[in-house]
Amino acid sequence: MTNARKALRGVLGVAGFLLVMEALGRTGIIDPYLIPLASTILTGAARLLTNGEFLSQVGVTLSSCAIGLLLAVAVAVPLGMAMGTVPAVERSLRPLVEFLRPIPSLALLPLAMFLFLSGEQGKIALIVYTSCWPLLINTLYGLRDVDPLAKETLRSFGFGSYDVVRLVSLPSAAPFITTGVRIAASVALIVAVSVELVAGGDGIGVFVTQASSGNRRDVVLAATLWTGVIGLLVNSLLAKAESRLFRWHRARAGEEAL
Amino acid sequence: MKTIVSRIAWLWILPVVLVAWEVSTRAAQAVYFPPPSVILARLHELWFSGPAAHVFLTDEAAHHLLPSLGRLVAGWAGACLVAIAAGIALGRSAVLCDVFSPLIHFFRSVPPPLLIPIFMTMTGIGTPLQLTAIVFGVSWPVLLNSLDGARYVDRQYLETCEVFGISRFRRLTRVILPAASPKIFAGLRISVALALIMMILSEFIGSTEGIGYRMLVAQSELDVPTMWTAIVLLGILGFVLNAAFLRFERHVLTWHRGARKTD
């Protein structure tokens with residue numbers, strides 16, 4: 001009941017926003033040339049669904065994000081595991097991490113444009129760089145949360161440290177790592193479109209640049225709309241997967257940890 | 001004393017990396033990776049060899065560094081203040097919260113860089129563009145987190161306020177704001193990184209000044225050491241902002257940790 005009411009209010013909010021924007025545009029309070037009418041943007045968005053060019057550019061952006069994220073997981077999670085289980089490694093690498101992490105990824109874009117001949121590779125490299133930090137930090141955070149009793153129990157039954165990591169540390173850090181993936185995914189999309197806007201190549205950013213140089217604001221905003229929807233979907237899918245896969249975790253840690 | 005020494009000793013990796021970088025780039029004659037000594041020399045010459053009266057900043061630094069910093073700080077702080085106020089106002093009303101949440105979630109999911117071309121047609125090139133880009137990028141996560149924080153204030157606190165007849169203003173400053181602050185800070189932390197991204201990107205695309213602009217010029221002129229000085233400056237900027245933010249957060253939220261401990 002309350003959920004239905006909440007959803008209804010949300011729908012009313014969105015509909016109200018669209019109506020207000022439409023009215024402001026039609027009465028000329030907002031110049032429809034500067035910001036196209038809501039109805040124009042929505043029909044433009046519907047038309048983009050059958051636009052093969054747009055769909056393939058979306059595919060390019062999403063696949064570079066996916067590849068970048070996978071590579072980042074492959075690098076950051078084992079590194080985080082090593083840092084989290086061997087204190088000496090953590091203490092040695094920590095200063096390096098603290099110095100590298102705050103470097104804004106886009107500051108490395110001109111360098112990436114030199115290093116990688118194809119824009120696609122440069123884009124993926126920057127996505128890997130950006131995504132590594134939330135993954136690494138969340139892995140470390142998760143490992144700190146491991147129940148020491150479980151580790152000691154396994155050790156006293158004669159399991160080696162590899163088994164302790166595999167059977168205890170990794171599973172109990174898994175929810176945190178997934179949260180890291182979710183955070184990394186949203187940053188990856190931002191970095192991907194930024195690179196496309198500056199360096200060109202292929203992707204949503206390039207589609208938007210072309211549309212805006214043709215002065216098609218309605219197309220720019222329609223493409224932006226779809227990108228927002230994709231971001232929203234990816235985020236809520238990952239959040240849903242998180243809470244379903246790790247129901248035990250939420251029960252133990254409460255809402256706060258998520 | 002001993003802890004300070006051991007803490008500094010654990011920084012051994014930084015000089016090791018710098019020396020390894022210096023030696024290997026000199027040996028390999030890497031074109032795109034100048035040795036740190038070259039970068040430092042250029043950093044000094046280009047940005048910090050000015051007169052003492054100008055805090056050693058060169059004209060170049062005054063022309064590119066200061067506008068970037070000013071816009072970053074002004075845009076970030078302005079957007080955060082407005083977003084926190086709006087978020088708390090919305091969060092205190094269940095109806096408004098339900099009505100606006102989906103919209104805010106949507107705007108939060110739009111990658112802000114995509115709107116820069118649109119902003120550019122409205123504001124032209126220059127400071128207004130940078131400010132718009134930073135404000136838009138920063139607002140949504142801060143708004144969303146403030147709203148969330150203000151929404152779930154322990155009902156007991158609010159009822160206590162009511163029983164003791166505490167004024168609305170004091171209830172806001174003494175109960176709601178502190179209760180929401182951990183969430184607000186989570187939003188602010190994300191916003192610092194986003195503000196930096198939007199600053200650099202809007203300077204890449206639509207500017208004639210600023211660190212980002214200078215960096216892209218150096219890149220197109222194949223002036224690799226100058227490009228690296230910009231990377232170093234932006235890295236330092238990110239590091240300092242992050243450290244300052246963490247310190248501020250720790251200062252403000254000390255009571256929070258204390259309160260949690262006694263639970």
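Side-chain contact check for B:Asn242 versus A:Arg101: some heavy-atom pair is nearer than 4.5 Å. Counting heavy atoms from C-beta on, the side chains of A:Val14 and A:Arg9 never come closer than 4.5 Å. Here the side chains of B:Met198 and B:Val135 are not in contact, with every heavy-atom distance at 4.5 Å or above. For the pair A:Phe207/A:Leu48, a side-chain contact is recorded, criterion being any heavy-atom separation below 4.5 Å from C-beta on. Residues B:Met199 and B:Gln130 form no side-chain contact, since every pair of their non-hydrogen atoms from C-beta on lies 4.5 Å or further apart.
For chain A, no part of B:Leu241 is nearby; none of its heavy atoms comes within less than 4.5 Å. If you measure heavy-atom distances from B:Val31 to chain A, you find no contacts under 4.5 Å at all. For A:Leu233, no part lies under 4.5 angstrom from a heavy atom of chain B. For B:Leu196, the part sitting under 4.5 Å from any heavy atom of chain A is the side chain, from C-beta outward, and nothing else. The contact between B:Leu14 and chain A is made entirely by side chain atoms (from C-beta outward), counting heavy-atom distances below 4.5 Å. In this structure, chain A has a heavy atom under 4.5 Å from the side chain of B:Ile205, while its backbone stays farther away. With a 4.5 Å cut-off on non-hydrogen atoms, A:Arg94 does not touch chain B at all. In this structure, chain A has a heavy atom under 4.5 Å from the side chain of B:Ile200, while its backbone stays farther away. Of the atoms belonging to A:Val229, heavy atoms from both backbone and side chain fall under 4.5 Å from chain B. In this structure, no portion of A:Leu100 lies under 4.5 Å from any heavy atom of chain B.
Taking the centre and axis of the six-membered ring of B:Phe245, the NZ or CZ atom of B:Arg189 falls outside the cone set by 45° and 6.0 Å.
For the options B:Val224, B:Leu216, B:Thr121, B:Leu11, heavy-atom pairs under 4.5 Å to chain A are most numerous at B:Thr121. The candidate with the highest count of non-hydrogen atom pairs below 4.5 Å against chain B, out of A:Leu93, A:Leu225, A:Ile35, A:Val11, is A:Leu225. Chosen from A:Ser194, A:Ala223, A:Ala211, A:Gly231, the residue pairing most often with chain B at heavy-atom distances under 4.5 Å is A:Ser194. When A:Trp226, A:Phe99, A:Phe114 are compared by the number of non-hydrogen pairs under 4.5 Å with chain B, A:Phe114 comes out ahead. Chain A forms the most heavy-atom pairs under 4.5 Å with one residue out of B:Leu115, B:Leu114, B:Val240, and that residue is B:Leu114. Ranked by non-hydrogen atom pairs under 4.5 Å with chain B, the options A:Thr224, A:Ile103, A:Val208, A:Ile204 are led by A:Thr224. In terms of heavy-atom pairs under 4.5 Å with chain B, the best-connected choice from A:Ser212, A:Gly13, A:Gly10, A:Ser92 is A:Ser92. Here B:Leu201 is the residue among B:Leu201, B:Leu194, B:Leu222 with the most heavy-atom pairs under 4.5 Å with chain A.
Between B:Arg151 and B:Asp98, at least one side-chain nitrogen of the basic residue sits less than 4.0 Å from a carboxylate oxygen of the acidic one, meeting the salt-bridge criterion. Using a 4.0 Å cut-off between charged nitrogen and carboxylate oxygen, B:Arg71 and B:Glu203 count as a salt-bridge pair.
More than 12 heavy-atom neighbours from other residues, nucleotides or ligands sit within 6.0 angstrom of CZ on B:Phe204.
A side-chain donor from one of B:Arg42 and B:Thr226 sits under 3.5 Å from a side-chain acceptor of the other.
From B:Thr229, atom OG1 reaches atom CD1 of B:Ile211 across 9.5 Å, with rounding to the nearest 0.5 Å.
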